[in-house]
Amino acid sequence: YATFFAEYLSTCAQIVAQYDQEISELKGDGIGIYFGLRMAREDDADQAVRAAIEISQAVSKIPTTAESNARCRIGIATGAVAVMSSQVFGDVMNLASRLQHLGGPGDIIVGDSTRRICGDAFAFIDLGRRNLKGLRPQRVWRLRGSLPGISRFQANQKPRLSPLTGRDGELGTLRERWRLASEDNAQVIRIEGDAGIGKSRLVRELMNEVASHRHGVIQSYQCMLRRQ
């Protein structure tokens, strides 16, 4: 068992390190990983789900006997916590633990807040509202898998966006750079701003405007903040 557990911990640690995270808690044969503890980022929930998929797949390849491999259950919850002397307090950890116990071998169970934040980047199965020990009833979801080719902006985009306001200057700059580029004058633009300020929406607005232009092909890419 000691050999298996060491390989299990090493496997999980290597995966979460790729997401700039580390194992924060050991409890029996379980581990706790707190995305956003050291530095909160806008895609912490998304990255937690992606890391969970990788962990589940990797652990299933670790043999426990000559005839079978390991399987793990994972629970993911999103919410506010309090941190005191490196100790983390809050219902969100209890919720993640309760969700984990709802799943079967190989399952990834997420809370409703995580599901909402992730939007349509993943496919989920609605498990309905469940009574969880020590917590109010929660709507919970089982992960089916990720949906490729969807950016964070698209995953959380409403069917109809409200009109873009207060960005005439920035949009005007993008339009002018596009005009110069369409005249064979290469242009590079760097857009910076706090999370949620509307960077992706600004670019999307320009792409919608120039989609029918005859100049070139527009391709959109989404950068993972911590994967290089």
Q. So I117 and D46, side chain to side chain contact (heavy atoms under 4.5 Å, CB included) or not? Walk me through it.
A. CA-CA 8 Å; I117 293 171; D46 177 282; over 6 Å; no
Sequence neighbours excluded and cut-off under 3.5 Å, please list the side-chain donor-acceptor pairs for residues 2-11, or say none.
| unit_1 | atom_1 | unit_2 | atom_2 | d |
| --- | --- | --- | --- | --- |
| Y8 | OH | D29 | O | 3.3 |
| S10 | OG | Q14 | NE2 | 3.0 |
| T11 | OG1 | E7 | O | 2.8 |

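- Other members of the hydrophobic cluster containing M84, listed by chain and number, are F89; membership follows side-chain contacts under 4.5 Å among ILVMFWY residues, whether direct or relayed.
- Cluster annotation: I62 and I15 are assigned to the same hydrophobic cluster (Ile/Leu/Val/Met/Phe/Trp/Tyr, side-chain heavy-atom contacts under 4.5 Å, transitive).
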Q) When you look at W178 and Q187, which way does the side chain to side chain contact (heavy atoms under 4.5 Å, CB included) test go after all the steps? A) CA-CA 8 Å; W178 172 263; Q187 302 291 310; over 6 Å; no
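- Taken together through direct or relayed side-chain contacts under 4.5 Å among Ile, Leu, Val, Met, Phe, Trp and Tyr, Y34 and I108 form parts of separate hydrophobic clusters.
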Q: Step by step, work out the side chain to side chain contact (heavy atoms under 4.5 Å, CB included) result for S60 and N69.
A: CA-CA 6 Å; S60 70; N69 290 355; 5.5 Å; no
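- A search for side chain to side chain donor-acceptor pair (under 3.5 Å) contacts involving D126 returns R139, not counting sequence neighbours.
- No donor-acceptor pair closer than 3.5 Å links the side chain of E25 to the backbone N or O of I23.
- Judged by distance alone, the side chain of S24 and the main-chain N or O of I33 form no donor-acceptor pair under 3.5 Å.
- Counting heavy atoms from C-beta on, the side chains of L132 and P137 never come closer than 4.5 Å.
- The backbone N or O of R41 sits less than 3.5 Å from a side-chain atom of D44, completing a donor-acceptor pair.
- Heavy atoms only, all atoms of each residue included: G111 and L99 are closest at N-CD1, 3.3 Å.
- Annotation for R38: atom CZ counts as buried by contact number, over 12 foreign heavy atoms lying within 6.0 Å.
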Q: Before giving the answer on side chain to side chain contact (heavy atoms under 4.5 Å, CB included), spell out for V203 and I191 the whole-Å C-alpha distance, their side-chain angles and the decisive distance to 0.1 Å.
A: CA-CA 9 Å; V203 174; I191 302 176; 3.7 Å; yes
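- Note: F124 CZ to R142 CZ = 12.0 Å, rounded to the nearest 0.5 Å.
- For residues 93-103, the side chain to side chain donor-acceptor pair (under 3.5 Å) pairs, not counting sequence neighbours, are R73-Q100.
- Without hydrogens or angle criteria, S56 side chain to I53 main chain gives no donor-acceptor distance under 3.5 Å.
- Of the inter-residue distances, the one linking Q57 atom CD with I55 atom CD1 reads 11.0 Å to the nearest 0.5 angstrom.
- Note that the CG atom of L206 and the OG1 atom of T173 stand 11.0 Å from one another [nearest 0.5 Å].
- Contact annotation: the side chain of M207 never approaches that of E209 to less than 4.5 Å [non-hydrogen atoms, C-beta and beyond].
- Ionic pairing of R50 and E54 is not present here: no N-O contact between side-chain nitrogen and carboxylate oxygen is shorter than 4.0 angstrom.
- When all heavy atoms of E170 and G166 are compared, the closest pair comes out as OE1-O, 4.1 Å.
- Residues that satisfy the side chain to side chain donor-acceptor pair (under 3.5 Å) test with R130, not counting sequence neighbours, are absent from this structure.
- Under the 4.5 Å side-chain criterion, counting only non-hydrogen atoms from C-beta, L37 is not in contact with Q21.
- No path of Ile, Leu, Val, Met, Phe, Trp and Tyr side chains, each step under 4.5 Å between heavy atoms, connects I125 with L143, placing them in separate hydrophobic clusters.
- Taking 4.5 Å as the limit, every side-chain heavy atom of R115 sits out of range of all side-chain heavy atoms of F122.
- From L26, atom CG reaches atom CD1 of I31 across 7.5 Å, with rounding to the nearest 0.5 Å.
- I74 and F35 end up in the same hydrophobic cluster when Ile, Leu, Val, Met, Phe, Trp and Tyr side chains are linked at under 4.5 Å.
- When atom types are taken as modelled, the side chain of R177 and the backbone of A181 share no donor-acceptor pair closer than 3.5 angstrom.
- Between K27 atom NZ and M93 atom CE the span is 10.0 Å, to the nearest 0.5 Å.
- Under the side chain to side chain donor-acceptor pair (under 3.5 Å) criterion, E22 pairs with no residue, sequence neighbours left out.
- Side chains of L174 and I189 form a contact here, defined as non-hydrogen atoms less than 4.5 Å apart.
- In this structure, the side chain of S68 does not engage the main chain of T64 through any donor-acceptor pair within 3.5 Å.
- In this structure, SG in C118 is found 12.0 Å from CH2 in W141, a value given to the nearest 0.5 Å.
- Hydrophobic clustering, with ILVMFWY side chains joined whenever heavy atoms are under 4.5 angstrom apart, groups V59 together with V49.
- Taking the side chain as every heavy atom from C-beta outward, V110 and V140 never approach each other to under 4.5 Å.
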